[in-house]
Amino acid sequence: MVFGHLLAVPGAHTQIQGGATPGTKAPAQAVRFADALLQKMTLEEKIGQMSQIAMNTADGATIDDAIRRGKVGSVLFVTDAAKINRLQRIAVEQTRLHIPLIVGFDVIHGFRTIYPIPLAMAASWDPALATNAQHMAAREATSVGIRWTFAPMVDIARDPRWGRIMEGAGEDPYLGSRMAEAQVRGFQGTDLGNADSLLACVKHFAGYGAALGGRDYDSANISDDQLWNVYLPPFHAAVDAGAGSLMTAYMDLNSVPATGNTFLLRDVLRDRWHFQGFVVSDWESIKSLTTHGFSADAHDAAVRAANAGVDMEMTSHTYRDELQAAVQRGEVKLSTIDEAVRDILVAKYRLGLFEHPYVDETLAASELLSPAQHSAARAAAVRTAVLLRNEGNLLPLRKQPSSIAVLGPLADAKADTLGSWSLASHPADTVTVLEGIRSQFAQSKVSYSTGVEIERGQPSIFDGQFPSPKPVLKTDAERKAEFDRAVDLVRNADVAVLVLGEAQTMSGERASRMSLKLPGQQQELLEAAVATGKPVVLVLINGRPLDIVWASQHVPAVLEVWYPGTEGGHAVADLLAGTANPGGKLPVTWPRDVGQIPLYYADNLTQIPEATATRYWDGSSAPLYPFGFGLSYSTFKLDNLQTSSPVLRGERGLRVSVDVQNTSEVAGDEVVQLYTHQRAGSASRPVRELKGFRRVHLEPHETQTVTLTLKPDDLSFWSPAKHLRVTEPGTFDLWVGESSQATLHTTFSLEGAAR
Ligand code: NOJ
């Protein structure tokens, strides 16, 4: 086990990495090996390495033949060890140069054992947890021969209508950067050559989360300020952490498609950040350059993608069909092809694929769903839950209630408990909330009804692979009878737990929404349950903030568990019973109404700042719950904020300390958050920016002093006035607290010349 070592990342929470990129430096030996191999390769073989095919779209015979003829460098969507070995044997034993394939898959939040979705992982505010979970996922995926994951997804998302908000770390570039680098470390381990290391692929470069109107694939128009200060930092952090590959995005960034974007792929990625891995397109996104009205035809698309710096084409075959002619005509230089292939071969070499191309086919049996996987998934699901409301301390349910009514379309829905991108999971492995409650509250009488059913109403791209259960109630009379039965169960129980939210296919790719309401009749069910007068706990399973204004006023306890994964039901039951204590915090601002979007905490101060909650005359413009918010069964008090000096100068930095006291009888976790604001400079700066955090565990009545260190680099930003990165001297506000509305305040000044 290697992750004990990986977890020790001193200072990682409080430092932005500088320009040095130690992890990305390709070892000289790997480069020499790749160069020697390049000498022997024909142009056709080189282009083969730049081509990836999907196993779920082409027929087996065609793929075998293409591999045999050296036309394939990578395959994706094959998850069975024997099948992977069979394909690998063709590549290694039947091709002229014996170059192994690199097998890729979307290992996003687990492989066979599913962990909470990435947005949930960010809600843990615990990068070490993300490292551990992705290491566990890597163990499972590599046990079947997969050595490349298309993760982490590090797109900043400030629009919950966008379905893919669930795949990233939310709205904040600082939290997003820490989660990005943590995941890279988890996937890639201490050495890519370890048999259980997966090559990470940071995606989608860049700006995909800013899709207009939250509509998946729509264009993103992002100012330079927002691009450099908000959208790019998590990519930079992942590159600095050594991410071995990067995926382009589907959309236009400021009218230039990301997959043909020389500025992004050469100027930023290679020249400024010194990225040394390889770049893969998104699915058919090279072919789509023509659809965008960017390239004239497939030939032009291949030429422009290759010249922009896309090294491998995912699933479309413009490279295979067009690049040879393009090189012969001088439209793409041979040196460009060589650079692309070198980076791909270096990755294969570093993964040890030339020496050990095959996987031990007996490995998966002991790794998949192992006890260690189950317990890590359960711990992760506990640690990612966010308690949004707990009036009268309804939670935890103090004793074994004599009866519990468990209601809702997600209470016993296995696939829906997993969330999107769980493609290698088996829903049957999942513990639902109902099952978790039944086993945790064994002395209680547990009754159950779906109450209402929910349906997406439109097909999902994942329907074929992973269908959600279809509604079984066919007539209005049947639906009414089930609804009434559910409400009766509440009347006859001590307490009701309603498990509501969104089904698996309601969030993820091509799963954007124009409303944030609870789908279907779930709101009505909730209101009817509350109207019985019985205590109601709302457990939310979902991948984005939803409209829960009514619940925030009328439902005593609201527990956000996101899509909690294979062990989700056990984890929820642990939290309800109080054998575990929620400690997560929101990684996104939670709006009241879809009309407020985009709504994020780090906006700029503008006219009449004291009235930011009254920007609309027809409702509040304040969030329902702020970024960084989350309750606990414990209570905490933060005080004694101190800085090591009134002045921040030099690399030793400013040490900021605060005392955190658990003022309750219950052990629990608090997340100490540090925010700053630059009062004046070459450009307006956000009202607050997260610059450090730490999640700490405190026993009853324990006090700990938490110290976070601020460095000058943490305060640097890309100035839209100066068109460069600056660190500007002057006065800064500093707050420390439990959310983005932290109140402990001081100031300090930053000394030194402006850069
Ligand atoms: C398209 C998605 O945008 C991307 O995130 C994913 O990795 C690929 N498909 C492969 O499944």
Side-chain angles (χ1 to χ4, degrees), residues 114 116 378 381 385 394-395 397 401 403-419 422 427-442 444-456 468-473 479 481-507 518-530 532 534-543 546 548 551 555-577:
I114 299 299
R378 183 168 180 165
L394 173 58
L395 291 179
L397 304 174
S403 54
I404 309 174
V406 180
L407 311 187
L410 302 174
D412 197 29
K414 291 193 181 263
D416 298 327
T417 304
L418 301 175
S422 315
D429 303 332
T430 313
V431 180
T432 65
V433 174
L434 176 66
E435 291 168 334
I437 288 177
R438 283 206 166 119
S439 93
Q440 176 75 248
F441 296 91
S444 307
K445 178 173 162 283
V446 177
S447 57
Y448 162 68
S449 158
T450 55
V452 298
E453 291 176 312
I454 51 175
E455 208 182 358
R456 199 179 121 120
S468 271
K470 290 272 167 276
V472 294
L473 304 170
R479 283 188 280 271
E482 186 64 19
F483 188 100
D484 292 346
R485 191 175 78 80
V487 179
D488 269 348
L489 295 181
V490 179
R491 276 193 201 102
N492 294 321
D494 287 354
V495 59
V497 176
L498 272 74
V499 189
L500 309 180
E502 295 184 333
Q504 183 189 45
T505 54
M506 291 177 176
S507 98
L518 286 165
Q521 308 299 305
Q522 295 182 94
Q523 180 69 28
E524 287 81 342
L525 182 68
L526 184 62
E527 292 186 18
V530 171
T532 62
K534 288 293 168 69
V536 171
V537 178
L538 170 59
V539 173
L540 284 170
I541 290 190
N542 55 304
L546 293 171
I548 54 163
V555 181
V558 182
L559 182 66
E560 170 61 77
V561 301
W562 317 101
Y563 293 103
T566 303
E567 282 287 333
H570 281 143
V572 170
D574 292 342
L575 292 161
L576 296 179

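The basis for the numbers below is simple: all heavy atoms, side chains too, and nothing from hydrogens, waters or symmetry mates.
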Which heavy-atom pair separates Ala415 from Gln504 by the least distance, and what is that distance?
O-NE2, 3.4 Å
If you measure from CG on Leu518 to CG on Leu540, what distance do you get to the nearest 0.5 Å?
7.0 Å
Results of salt bridge (charged side-chain N to carboxylate O under 4.0 Å, His left out) for Asp412 - residues two or more places apart only:
none
Rounded to the nearest 0.5 Å, what separates atom OG1 in Thr417 from atom CD1 in Ile541?
4.5 Å
Partner residues of Glu527 under the side chain to side chain donor-acceptor pair (under 3.5 Å) criterion, sequence neighbours left out
Gln523
Do any pairs count as a side-chain hydrogen bond (donor to acceptor under 3.5 Å, both in side chains) and have a residue in residues 557-570, sequence neighbours left out, and if so which ones?
His374-Glu567, Asn542-Glu560, Glu567-His570
Going by side chain to side chain contact (heavy atoms under 4.5 Å, CB included), Val406 matches just one of Ile437, Val537, Val495, Val539. Which one?
Ile437
Please set out all donor-acceptor pairs under 3.5 angstrom arising from side-chain atoms of residues 486-493, sequence neighbours excluded.
residue: Asp488; atom: OD1; partner: Arg491; partner atom: NH1; Å: 2.7
residue: Asn492; atom: ND2; partner: Asp488; partner atom: O; Å: 3.1

Are the charged groups of Arg438 and Glu435 less than 4.0 angstrom apart, N to O?
no
Across all chains, not counting sequence neighbours, the side chain to side chain donor-acceptor pair (under 3.5 Å) partners of Arg456 are none
Just to verify, what does Thr532 make a side chain to side chain donor-acceptor pair (under 3.5 Å) with, not counting sequence neighbours?
none
Considering non-hydrogen atoms only, spot the tightest contact between Leu498 and Leu526 and give its length.
CD2-CA, 3.6 Å
Just by distance, do the side chain of Thr430 and the backbone of Thr432 share a donor-acceptor pair under 3.5 Å?
no
